[in-house]
Amino acid sequence: MHPVVKTVLERLGLGLATLFFVSIIIFSAIEMLPGDFGQAILGQAALPETVAAFRQELGLDKPAYIRYFDWALGAIQGDLGTSFSGRNASGADRSAEVVDKIAPRLWNTLFLASMAALIAVPLSLILGILTALYRNSFFDRSVNTATLTTISFPEFFVAYILILFFASLNQIFPSLANVDPDTNFGERIYRTALPAFTLTLVIVAHMMRMTRAAIINLLASPYIQMAKLSGASQTEIILKHALPNAWAPIATVIAFNLAYLVVGVVVVEVVFVYPGVGQLMVDAVRTRDIPVVQGCALIFAVTYILLNLIADIIGIVTNPRLLHPK
Amino acid sequence: MNKDTNTYSAAGEVGSVLENRSTFTRLKIELNKAPLTAKFGIFIIIVFVGLAIFAPLIAPYGEAEVFPEPYAPWSANHIFGTDQIGRDIFSRLIFGARNTVGVAFATTILAFLIGGALGLAAAINRSYLDLLLSRTVDVLMAIPQLIFALVLLSIFGSTIINLIIIIAVLDSTRVFRLTRAVSLNVVVMDYVEVAKLRGENISWVMRKEILPNILPPLIAEFGLRFCFVFLSIAALSFLGVGIQPPTADWGSMVRENASLIQFAQYDLKAAMTPLLPAAAIALLTVAVNFVVDWFLHKTSGIKDEK
C-alpha cells in the first residue's frame with residue numbers, strides 16, 4: 001500500500017478511537033450524578049412516583065453500557081435526548097428536545113467562527129511570513145511585543161475594550177449581536193462584526209507567532225542554505241523549496257487555532273449575548289441541564305477532534321518525503 | 001583562602017572573588033542585568049502578592065460591605081465607585097487579588113503535584129503504568145479544556161473546592177506530558193541506575209536523583225501554567241460558573257458591572273469600571289509571561305533565533 005494511504009488510514013483509525021473514548025467520557029457525566037438528582041431537578045415537592053418515572057425515563061434502571069449504546073446511536077442519528085428544563089414537581093413535561101435547542105444556534109456559531117477565521121487566517125499567515133522574513137527588524141519586534149501582550153489578555157477584556165471604543169464612545173457597531181433567522185446576510189455581518197473582531201484579535205496572535213516560528217525553523221534547514229548558495233532567488237527559495245515543506249506546520253497551526261476558536265467562541269458569545277451554542281451551554285451549566293450540556297460538549301469535542309484530524313491529514317498528504325518514497 | 005599580598009596565588013585571587021558573593025548578592029547582580037520587561041514583571045508580581053496578603057489592611061471597606069447607593073460614581077469616598085448592589089469596587093478589587101490569584105495559585109500547585117508525580121512515575125516505570133497514563137492523558141487532551149471544565153462543573157456544582165480540583169486535574173495532563181518528556185532523558189543516566197542498584201525506593205529516586213535535574217523547565221512551566229489556569233478560572237467566573245458571589249473575584253466583577261460600559265458617552269470614568277478587574281487580570285498575566293520569558297532565556301541558554 002502507498003505509504004500516504006497507510007498513514008492516513010492509521011490517523012483516521014486513531015481519530016475514531018479518540019472520538020469513541022471522548023463520547024464515553026461525556027456520557028459518563030450523567031453516571032457521576034449524585035443519587036437524589038431526580039429530586040433536585042423536579043423540586044422538593046415532587047412525588048416519589050414522579051421521581052421514579054423520571055429516573056426510568058433517563059434509563060437509570062438499565063445497566064450503563066446499554067444506556068451508552070442507546071445514547072451513542074441516538075447521537076449519531078441526531079437525537080441527543082430531552083432537556084431537563086421545563087419539568088416540574090407535578091410531573092407535567094414541557095421540556096424540549098436537545099436537538100431543537102442546539103440546531104438553530106449551531107448555524108449562528110458556525111457563522112461567527114467562520115467569519116473570524118476568514119479574517120484571521122490570511123492576516124496571520126501574511127504577518128507570520130513577513131515577520132519571519134524580516135526578523136529582528138523594528139517591524140518584527142513591534143509585532144511580536146503586540147502579540148505577546150494580546151495573548152495575555154482574557155477574551156472578555158479584548159471584547160469590552162472593543163465595545164467601549166466602537167459601540168459606546170463611537171456608535172459604529174452594535175454592542176449586542178442579536179440575530180434571528182430572519183436577519184438578512186449583510187445585516188448579520190454588520191451585527192456580528194465586533195464578536196468576529198474580538199475572536200480575530202485573540203487568535204491572530206497565536207497563529208502569527210506559530211507561523212513565524214515554523215518558517216524560521218524551515219529557513220534554517222540545510223537545503224535552504226544549499227539553495228541560497230546555488231544562487232536561487234528569494235522568491236524561488238520560498239515558493240519552490242520552503243513552501244512544499246511548510247504546508248504541514250502551517251496546516252497544524254491553522255487547525256490548532258480554529259480549534260482554539262471553538263473555546264474562545266463560548267466567552268465571546270456570552271459577552272455579546274450572541275445566540276450560539278456556547279451561550280446555550282453556559283446557561284445549561286448554570287441550571288445543571290445535563291442533556292443539553294452533553295449535547296453541546298459533544299459538538300464542541302467532535303469539531304475539535306475533526307479539525308486536528310484534518311490538520312494531521314493535510315500534513316501527511318503534503319509531506320514530500322511521504323509523497324516520493326525512495 | 002590565602003590573602004598574603006607578598007606571594008601571588010591564583011587560587012587566592014579567584015577564591016576571593018568567589019567568596020564575597022552570597023546568594024543574595026548574586027540574585028541582585030542577576031536582577032540588575034535583567035531586561036526592563038522582566039524587572040517590570042517582577043515589580044507587578046510583588047505588588048499583587050502584597051495586595052493579596054495584606055488585603056484586609058489595605059482595603060478601605062469590607063469585601064461584602066453594602067452601601068446604600070448602587071452604581072455610585074467615582075468619588076473620594078469610593079475611589080472607583082460602587083457596584084450593582086452598592087459594594088465598594090476598589091475594596092473588592094483588592095480582595096479579588098487574594099481570591100482570584102489565591103485560587104489560581106492553589107490550582108496550579110495541585111496540578112503540578114498530580115501531573116509531576118505521575119509524570120515522574122511514568123518515566124521511571126516505562127511499562128504498563130506509562131502506557132496507561134499516557135493514553136489516558138491523550139484522550140483527556142482531545143477535549144477542549146474549557147468545555148470539559150463546563151461539563152464537570154455542571155455535574156459537581158460550582159464551589160471553589162470543585163473548581164480547584166477540576167481545573168487542576170485537567171491542567172495536570174499538560175504537566176504530566178512535560179515532566180515525563182524531560183525526565184525520560186534523566187532516567188537513563190548512570191547515577192539513577194546506581195541509585196536503583198543501591199536499593200533506593202522509587203520515591204527517593206524521584207525526589208533526590210531526578211527532580212533536581214528537571215527543575216528549571218518545570219519552574220518555567222509553572223509560570224506559564226499559572227497564567228493559563230488564571231485565565232481559565234477568570235473565564236469561568238466571568239461566565240458565572242466559577243467563583244460564586246459574594247466572594248470578590250475579578251472575573252465575575254467584570255460581568256456584574258459590564259452594563260456600565262454603555263454609558264461611556266455620559267460618564268467615561270464609570271464606563272471604565274468593568275475594565276479595571278479585566279485589566280488587573282491582563283496585567284498579572286503579562287507580568288508573569290515577561291518573567292518566565294527572562295527565566296527561560298537564563299536557564300536554557302536559548303538566544304533569539306539568528
Side-chain angles (χ1 to χ4, degrees), chain A residues 17-19 21-22 24-26 29-30 32-34 135-136 145 148-149 151-158 160-161 163-165 167-169 171 175 213 216-217 220 259-260 262-264 266-267 270-271 278 281-282 284-290 292-294 296-297 300-301 303-305 308, chain B residues 37 135-136 138-158 227 230-232 234-236 238-241 250-251 254-255 258 260-266 268 271-272 274-275 277-290 293 304-306:
Chain A
T18 318
L19 261 182
F21 283 113
V22 166
I24 288 188
I25 291 178
I26 293 175
I30 215 152
M32 288 185 270
L33 289 175
R135 62 184 171 280
N136 294 332
T145 318
L148 192 66
T149 319
I151 285 177
S152 315
F153 283 7
E155 288 99 348
F156 51 83
F157 187 39
V158 180
Y160 282 123
I161 291 178
I163 291 188
L164 179 65
F165 284 107
S168 193
L169 283 178
Q171 280 151 358
S175 63
I216 285 180
N217 204 358
Y260 186 83
V262 168
V263 181
V266 177
V267 175
V270 172
V271 173
M281 181 164 184
V282 173
V285 170
R286 263 190 244 134
T287 54
R288 303 183 74 177
D289 191 349
I290 310 285
V292 177
V293 175
Q294 279 179 321
C296 298
F300 281 124
T303 321
Y304 192 76
I305 294 171
N308 282 315
Chain B
T37 50
R135 290 294 85 77
T136 315
D138 284 350
V139 172
L140 289 184
M141 283 175 79
I143 308 178
Q145 204 181 14
L146 188 75
I147 305 295
F148 208 165
L150 282 175
V151 172
L152 293 178
L153 282 172
S154 72
I155 301 165
F156 297 111
S158 304
C227 288
F230 184 54
L231 287 178
S232 307
L236 286 172
F238 172 78
L239 295 176
V241 293
W250 291 340
V254 176
R255 180 195 183 78
L260 281 177
I261 218 162
Q262 305 299 341
F263 306 111
Q265 281 184 322
Y266 314 104
L268 187 59
M272 299 285 282
L275 291 179
I281 295 169
L283 192 61
L284 184 61
T285 328
V286 173
V288 175
N289 265 329
F290 280 156
D293 226 34
D304 268 329
E305 325 89 345
K306 279 274 140 50

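Note on naming: letters A, B, ... go to the chains in the order of the sequence lines (proteins, then strands), and numbering restarts at 1 for each one.
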> Who wins among A/Asn217, A/Thr303, A/Thr149, A/Ile25 for the most heavy-atom pairs under 4.5 Å with chain B?
Replying inline: A/Ile25
>> Can you tell me which of A/Phe21, A/Tyr160, A/Phe153 forms the most heavy-atom pairs within a distance under 4.5 Å of chain B?
In response: A/Tyr160
Please flag which part of [X] lies under 4.5 Å from any non-hydrogen atom of chain B: side chain, backbone, both or neither.
| X | answer |
| --- | --- |
| A/Leu19 | neither |
| A/Ile163 | side chain |
| A/Tyr304 | side chain |

Name the option with the most non-hydrogen atom pairs under 4.5 Å to chain A; the candidates are [options].
| options | value |
| --- | --- |
| B/Leu146, B/Leu150, B/Leu231 | B/Leu150 |
| B/Leu239, B/Leu140, B/Ile143, B/Asp138 | B/Leu239 |
| B/Leu236, B/Val254, B/Leu153 | B/Val254 |

>> Using the rule given for side chain to side chain contact (heavy atoms under 4.5 Å, CB included), can you reason through B/Arg255 versus A/Val271, listing the C-alpha separation, both sets of side-chain angles and the distance that settles it, and then say yes or no?
In response: CA-CA 8 Å; B/Arg255 180 195 183 78; A/Val271 173; over 6 Å; no
> Quick one: what part of B/Phe156 sits under 4.5 Å from any heavy atom of chain A, side chain, backbone, both or neither?
Replying inline: both
>> As a quick check of understanding, evaluate side chain to side chain contact (heavy atoms under 4.5 Å, CB included) for A/Val266 and A/Val282, giving each step before the final call.
In response: CA-CA 8 Å; A/Val266 177; A/Val282 173; 3.6 Å; yes
With a 3.5 Å cut-off and sequence neighbours excluded, list the donor-acceptor pairs that the side chains of residues 279-290 of chain B form with protein atoms.
| residue | atom | partner | partner atom | Å |
| --- | --- | --- | --- | --- |
| B/Thr285 | OG1 | B/Ile281 | O | 2.5 |
| B/Asn289 | ND2 | A/Ser152 | OG | 3.0 |

> Is atom CE of B/Met141 surrounded by more than 12 heavy atoms (other residues, nucleotides or ligands) closer than 6.0 Å?
Replying inline: yes
>> Treating A/Gln294 as the side-chain partner and A/Ile26 as the backbone partner, does any N or O pair qualify as donor plus acceptor under 3.5 Å?
In response: yes
> ring pair (Phe, Tyr, Trp, His ring centres under 6.0 Å) with A/Phe156: which residues, sequence neighbours excluded?
Replying inline: B/Phe238
> Would B/Ile147 and A/Met281 count as a side chain to side chain contact (heavy atoms under 4.5 Å, CB included) if you check the C-alpha gap in whole Å, the side-chain angles of each, and the deciding distance to 0.1 Å?
Replying inline: CA-CA 9 Å; B/Ile147 305 295; A/Met281 181 164 184; 3.7 Å; yes
